[in-house]
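Right, one structure below, let's go through it.
Letters A, B, ... are given to chains in the order of the sequence lines, protein chains preceding strands, and every chain is numbered from 1.
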Amino acid sequence: MRLFADSIAQALAAQTGRPAAEFRIELPRDPALGDLAFPCFQLAKQLGKAPPALAAELAGAWKLEGITAQATGPFLNFRIDRQVLAERVVRTIEGEGVSYGCSREGAGQTVVIDYSSPNIAKPMHVGHLRSTIIGAALVRLHEQLGYRVVGINHIGDWGSQFGGLVVAIRRRGKQIDETNPVHGLLELYQWSKQQVESDPAFAAEAREAWRELESGREGEVRELWRHVTKVSLAGFEKTYRRLGIRHDLVRGESWYENMLQATFERVEKAGVVELSQGALVVTLGGVEKSLKETPCLLRQSDGTTLYATRDLAALFSRWEEFGFARALYVVGGEQKLHFRQLKGVLKRMSLDWEPRVEHIDFGLLLGPGRTKLASRKGAVLVLDDLLDEVVEEALRVVQEKNPEGANLAEIAEQVGIGAIVFNDLKRERIKDVLFDKQEILSFEGDTGPYLQYTHARLASILRKAEAASEGRAAPDWNGLGEAGGVLIALARYPDVVRSAAKNCEPSEVSQYLIQLAHELNNWYVGSRVLGQEPGITAARLALVRVSKSVIGNGLRVLGMAAPEQM
RNA sequence: GCACCCGUAGCUCAGUUGGAUAGAGCAGCGGAUUUCUAAUCCGCCGGUCGCAGGUUCGACUCCUGCCGGGUGCGCCA
C-alpha cells in the first residue's frame with residue numbers, strides 16, 4: 001500500500017507545504033468511499049479551518065496522475081484508477097515473486113528467538129504447541145524483513161527430577177523402545193516420580209544421582225543423562241519435521257551450567273543483590289512499583305541455583321554472543337512475572353539493552369468449556385497423537401471431496417497440520433485458544449483448509465490455462481471485473497508482514513489472509529477467467545497468478561503448506 | 001490480600017495504534033451447482049462494545065473506579 005499511500009502523502013505535502021509524514025493515509029471504513037483516505041481533523045485544527053472545508057479545499061486543488069480525490073465531509077477520499085491500480089500491483093508482485101513482502105530493513109541486525117523449549121523425558125504435549133507454532137512464525141516473519149534470526153530451543157534438561165530418572169533407568173534397564181522413545185521415557189519418568197514418593201531408598205539414591213550430575217563429574221550418571229537427552233531430542237525431531245520447525249541452536253538449561261558462578265559475580269559486582277533469609281535476591285520495587293512485593297530470587301539458601309539464575313545466565317550469554325536487536329521469549333503468560341523480574345534485574349543493573357528483551361506471551365490452550373487441557377488423570381494429550389487424529393480426519397475429507405486425486409496422504413498431512421497451525425495463529429496471541437476438536441476438524445469457514453483450498457483452486461485455474469495455452473495475449477487491465485478489493489488487499493501484504501513482525505503478532509497475517517481469500521473468492525465467482533476475450537483472460541490470469549503467489553507466501557510464513565491440489 | 005491479563009452478536013473472534021453507519025466465521029433460516037475443485041458464493045436473523053464516570057471536535061480504542069473471569073505471587077520450572 002506504500003506504493004500509493006506514499007505518493008498521495010507527498011502530493012498533499014507539496015500542495016500544503018507541510019511535511020509528508022504529517023499525512024497519515026488510511027483505509028476508508030467502507031471501500032465504496034474510496035481506496036485510501038486522509039482524515040482532515042488534525043490538520044484542520046492546526047490551520048484553524050473546519051475539517052470539511054479543508055477537505056473540500058484539498059480536493060479542489062488535487063492533481064495526481066491516476067488518482068482522484070473527493071471530499072466526503074471531513075474526509076478526503078482517494079480512488080486509484082482501476083487500470084493503474086491493476087497494472088502496478090500485478091507488475092510489482094510478478095517482479096518480486098516469492099520475495100514480495102520481504103524487505104531489507106532488518107539487515108545487519110540479529111533477532112534471537114527462544115521458542116518451543118520442551119522438557120526432556122516428557123513427550124511434547126499440546127501445551128508446547130503454541131510456543132512452537134508462534135515462535136516458528138516469528139522466526140520466518142523476521143527473516144522476511146532481512147534480520148539474521150537465531151532460533152533457540154531452550155530445552156528443560158536440568159533439575160533434580162533427572163536424578164530420579166537416572167535411577168529408574170539404572171533399575172529397570174536402558175532399553176527404550178526406539179520406535180517410540182518418548183512414550184517409553186515418559187513411563188520411566190512417571191515411575192521414578194512415584195518411587196521417589198513411596199520408596200525412601202529410591203529417593204535417597206535419586207538425590208545422590210542429582211548431586212553427582214550437578215557436580216559435573218563424568219561417569220555412569222552423566223552417561224545415562226546424556227542418553228536420555230539424545231533419545232528425547234530424536235523423538236522431538238520427528239514432531240518438528242512434521243510441523244516444519246528447525247531450531248538453529250539446541251541449548252538446554254544444562255548448557256549454561258558453567259556460567260552460573262560468573263552470573264552471580266556479575267550481579268553482585270553491580271551492587272544490586274542482598275541477602276534475605278539466607279537467599280540471594282534482587283529487590284525490584286525501585287525500578288517498578290508493582291514488583292515491590294516480588295523480588296527476584298537468584299540463589300537458594302542452600303547455595304543452589306534457580307530458574308531465574310539460569311535464565312539470566314542465558315540472557316547474558318546471548319547478549320555477548322549476538323548483540324541482538326531483539327531477544328524474544330515465546331513463553332506462556334503464566335510466566336509473565338518471571339520475565340518482568342528478569343527485566344527488572346537488567347534495569348537495576350542499568351543495562352541499556354533491557355528494552356530489547358521481550359516476553360512474547362500467549363494465552364492458554366483450553367479444552368471445551370474452558371477447562372484445562374493439560375494432563376487429564378495422568379493421560380497427557382501427546383502432540384503427535386493429536387496431529388495423527390486431525391490428519392486422519394483430513395484424509396477422510398480429502399478422499400471424499402477428491403476421490404480421483406493423487407498424493408492424497410500427502411495432501412491430508414498438509415491440510416491436517418495446516419488446520420492445527422492456523423487455529424493457533426488466527427487470533428491474538430494473548431487470547432486463550434479453545435481447542436475444540438469438532439471445530440478444527442470441520443475445515444469450513446475461516447480455517448486453514450479454507451485458505452489452502454483457495455490456493456489450490458487458483459493453481460487449478462493456472463493449470464487449465466496452461467493446458468489450453470490461454471493467457472498469452474497482452475492483458476487488458478480494464479477487463480478484470482470487480483477486482484478492486486483484491487488489488488487493494490494484495491497491495492497491503494508488505495505492510496502486514498512488517499507490522500506482524502514488529503508486534504510479534506502472526507495473527508495479523510492470518511486475518512489478512514482470510515480477508516484476501518474472501519475478496520478473491522468473491523471476485524472470481526463473478527469473473528470467469530478462462531475462455532474470455534484473450535486480453536481479458538490474460539489480465540485475469542495475471543491476477544490469479546499473483547494472488548496465488550501472495551497467499552502462498554503468507555501461508556508459508558505462518559508455517560503452512562500451500563497445496564497445488566486438494 | 002497484592003500484581004498482571006481478558007471482557008465486542010447465542011458461540012469463537014476481527015476492529016487498520018483516537019476517526020465515517022461496529023465487522024467476519026460457526027450455529028439457525030432461505031437461496032446459487034450442465035463447478036475455471038460447493039472445503040465455495042449470496043441473502044436473512046442476530047449488538048446497551050461488562051458497568052459508571054472522565055479526557056476529546058470525536059472513544060470499542062486513552063484515564064479513573066467498580067463488576068465478572070483467568071493467570072501469577074522468595075528458596076519449583
- Task: Describe the nucleic acid contact of A/S527 in one word from base, sugar-phosphate, nothing, applying a heavy-atom distance below 4.0 Å.
- Result: base
- On RNA chain B, check which nucleotide each of A/I411 and A/L291 is closest to and give me the residue with the more 5' one. A/L291
- Message: Ring centroids only, cut at 6.0 angstrom: are A/H154 and A/Y256 within range, meaning strictly under it?
- Response: yes
- Message: Please check if the number of heavy atoms outside A/Q42 that lie under 6.0 Å from its CD is greater than 12.
- Response: no
- Query: Ring centroid separation for A/W158 and A/W210, is it under 6.0 angstrom?
  - Reply: yes
- Separation of B/rG19 P from A/N77 CG (nearest whole Å): 15 Å
- When you measure from the side chain of A/R427, which nucleotide among B/rA39, B/rU12, B/rG15 comes out closest? B/rU12
- For the rings on A/F75 and A/F41, is their centre-to-centre separation under 6.0 Å? yes
- On a whole-Å scale, what distance lies between the C1' atoms belonging to B/rG58 and B/rA22? 15 Å
- For A/Q277, answer base if it contacts any base atom (sugar-phosphate contacts may also be present), sugar-phosphate if it contacts only those atoms, and nothing otherwise; contact means non-hydrogen atoms under 4.0 Å. base
- Side chain of A/P295 only, please: which of B/rC60, B/rC76, B/rG74 is the nearest? B/rG74
- Task: With a 3.5 angstrom cut-off on both distances, give the Watson-Crick or G-U wobble partner of B/rU64, or none if there isn't one.
- Result: B/rA52
- Query: What does A/N503 touch in the nucleic acid at a heavy-atom separation under 4.0 angstrom: a base, only the sugar-phosphate, or nothing?
  - Reply: base
- Query: Any idea which of B/rC41, B/rC13, B/rC5 is nearest the A/I430 side chain?
  - Reply: B/rC5
- pair_partner(B/rC73), Watson-Crick or wobble, both distances < 3.5 Å, evaluates to B/rG1
- Query: In Watson-Crick or G-U wobble terms, both distances under 3.5 Å, what is the partner of B/rG23?
  - Reply: B/rC13
